[in-house]
Amino acid sequence: MFKKVLIANRGEIALRVIRACKELSIETVAVYSEADRESLHVRFADDDVCIGRAPSRDSYLNIPRLIAAAEITGADAIHPGYGFLAENAEFAEKVAASNITFIGPTPEQIRQMGDKAAARKLAQQRGLATVPGSPGPVESMEEGQQVAADIGFPVIIKAAAGGGGKGMRVAVDADQFSQSFNLAKQEALAAFGSGEVYIEKYLARPRHIEIQIMGDTHGKVMHLCERDCSVQRRHQKLVEEAPSPVVDQTLREDIGDAAVKLAEAIGYVGAGTIEFLLDADGSFYFMEMNTRIQVEHPVTEMCTNFDLVKEQIAVAAGAPLTLVLNGNRLRGHAIECRVNAEDPSRNFQPSPGLITAYHPPGGPGVRVDTHIYAGYTVPPYYDSLLAKVIVHGNSRTEALARMRQALDSFIIEGVTTTIPFLGRVMRHPDFVAGKVDTKFLEREPQLLKDQT
Ligand code: MV4
């Protein structure tokens, strides 16, 4: 097992990883930017290193400084968390070249799945259903128009190097196609340094269903149930739950098998997530794979009773999977709400600043993953996640009631938060009925307003 793990991250996920390390009797190293001096991850880690100025590119994205921090403190592994360098193959490579273990998949696996067009091709080769579309990247406008005409409009043009919704454009007819195609290409080139795009038939109201998987270095891969992340805004997930209210055990096994098959095809090691679109008729299609631990991993932990972060560390050290779940032994229902320092009535404008009062919810089946406290100042440089409220209940109904009471008793003063908005979502008849898709918030703009 590792002696000392450096956490190349900040905020709640840094605390989450430190907790797992403490349970495993592994020492920890926090890295922090000048804006994060007063952060709890610095206080709770055994060792800490300031790695630069506040902007991420000067600190949390600076590969040489992170590796130097690990070498100076004698860390033998690095956990990347999510965001920042978590899916950066070059980082994973440089960590390994410094004789430090990267807690995650191999650089090759990160690269294979980072190219979304290649991942789609691999999924097809392994027999997974994908949305009808181009067989690979589309080279020219003419080829694109031909593909679109063949599959029929509307179509969606996606950046091969993208993911998470960046560099995506929808076209409803051939006229719009040329414009959308060029825009998608430009956006992709500017954002990812590659203008490569591929085309799919556009599904109007899919649900976002993703499967948590975990693989070890002995060739074993398992899945741990799906998560339903259909409540999103501009590709930012706001609410996640497990299991999905619309997935039965048969469908769970089918999607789970598909996810495991794809992960096995590349000998995947570590925690990963395979995203699918679920259509209203029950068809599901592979969309992309994320090669990291995700923000919403706690809902899976709550309904499988399985510690994903401890397992990430164990498999990175070469241990075999401790348990093969594959969607079995599920208990109850879990929901997560992301509490952000944002104002929903002002287009989710960030609201950084001093937390003047803080009281978290509690009681049976309530978990809060957060790094904030009274007196903490939310810096303006990073994402605006303040806390994740995760509830578990014997049924979805019980979990929903728990989430409502938890949000209603969560006190955060000094900054504007999304707590009241989330409370309204938890009471919306469509959410209560489990009838949501990725267009839910667009249809319900009144949810964004104060006091409705
Ligand atoms: C789609 C789609 C409809 N049809 N692909 C958004 C994120 C990126 N991973 C893929 N996304 C989508 N791909 C086809 N063929 C709709 C979306 C999409 C979406 C997907 C999941 C959750 C929220 C979303 C919001 C808008 C669009």
Side-chain angles (χ1 to χ4, degrees), residues 82-83 87 113-121 123-124 128-138 144 147-148 150-172 176-177 180-181 183-184 187-188 191-192 196-211 226-242 244 246-247 255 259 262 272-281 283-292 294-296 336 338 348 425 430-431 435-445:
Y82 53 68
E87 293 177 280
M113 292 302 164
D115 181 339
K116 306 300 170 184
R120 179 176 142 87
K121 209 169 221 173
Q124 286 167 349
L128 277 76
T130 56
V131 187
S134 58
V138 172
V147 170
D150 288 348
I151 61 178
F153 288 97
V155 299
I156 184 165
I157 304 144
K158 297 183 174 181
K166 274 173 273 170
M168 276 181 16
R169 276 282 186 288
V170 176
V172 298
Q176 198 183 31
F177 183 86
S180 297
F181 184 82
L183 278 170
E187 225 172 84
F192 314 111
E196 211 165 74
V197 296
Y198 61 104
I199 296 169
E200 286 177 357
K201 176 98 186 157
Y202 179 69
L203 307 179
R205 287 172 58 164
R207 292 180 81 109
H208 174 118
I209 304 287
E210 57 183 35
I211 302 272
E226 77 284 358
R227 293 184 288 257
D228 194 321
C229 311
S230 297
V231 180
Q232 308 204 358
R233 182 189 163 271
R234 299 195 182 161
H235 308 297
Q236 279 282 93
K237 295 168 185 164
L238 301 173
V239 178
E240 305 98 349
E241 59 184 306
S244 166
V246 298
V247 173
I255 309 181
L262 181 65
T273 295
I274 307 194
E275 298 183 354
F276 295 88
L277 293 177
L278 178 65
D279 217 349
D281 68 359
S283 324
F284 62 90
Y285 305 97
F286 167 78
M287 197 165 42
E288 55 191 69
M289 178 168 186
N290 303 319
T291 54
R292 60 169 190 272
Q294 295 201 205
V295 177
E296 60 271 26
E336 172 178 283
R338 296 191 191 186
F348 288 82
V425 172
D430 289 352
F431 187 81
K435 286 185 184 152
V436 291
D437 56 67
T438 52
K439 292 281 160 65
F440 171 60
L441 290 180
E442 281 174 47
R443 282 196 302 276
E444 306 293 337

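For ligands, and for the atoms within them, numbers begin at 1 and follow the listed sequence. Predicted model, so just to flag it, every value in this text is computed and none were measured.
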* Structure fact -> Contact set, ligand 1, heavy-atom distance under 4.0 Å, ordered by chain/number, equals Val131, Ile156, Lys158, Gly164, Gly165, Met168, Glu200, Lys201, Tyr202, Leu203, His208, Gln232, His235, Glu275, Leu277, Met287, Glu288, Thr438
Residues that [X] engages under side chain to side chain donor-acceptor pair (under 3.5 Å), provided they are two or more places apart:
| X | value |
| --- | --- |
| Lys439 | Tyr202 |
| Tyr285 | none |
| Asn290 | Glu275, Gln294 |

* Hey, could you give me the NZ/OG distance between Lys435 and Ser230, rounded to the nearest 0.5 Å? => 14.5 Å
* With distance as the sole criterion, is a donor-acceptor pair present between the side chains of Glu226 and Ser244 under 3.5 Å? -> no
* Ion pair Arg292/Glu87, N-O distance below 4.0 Å -> yes
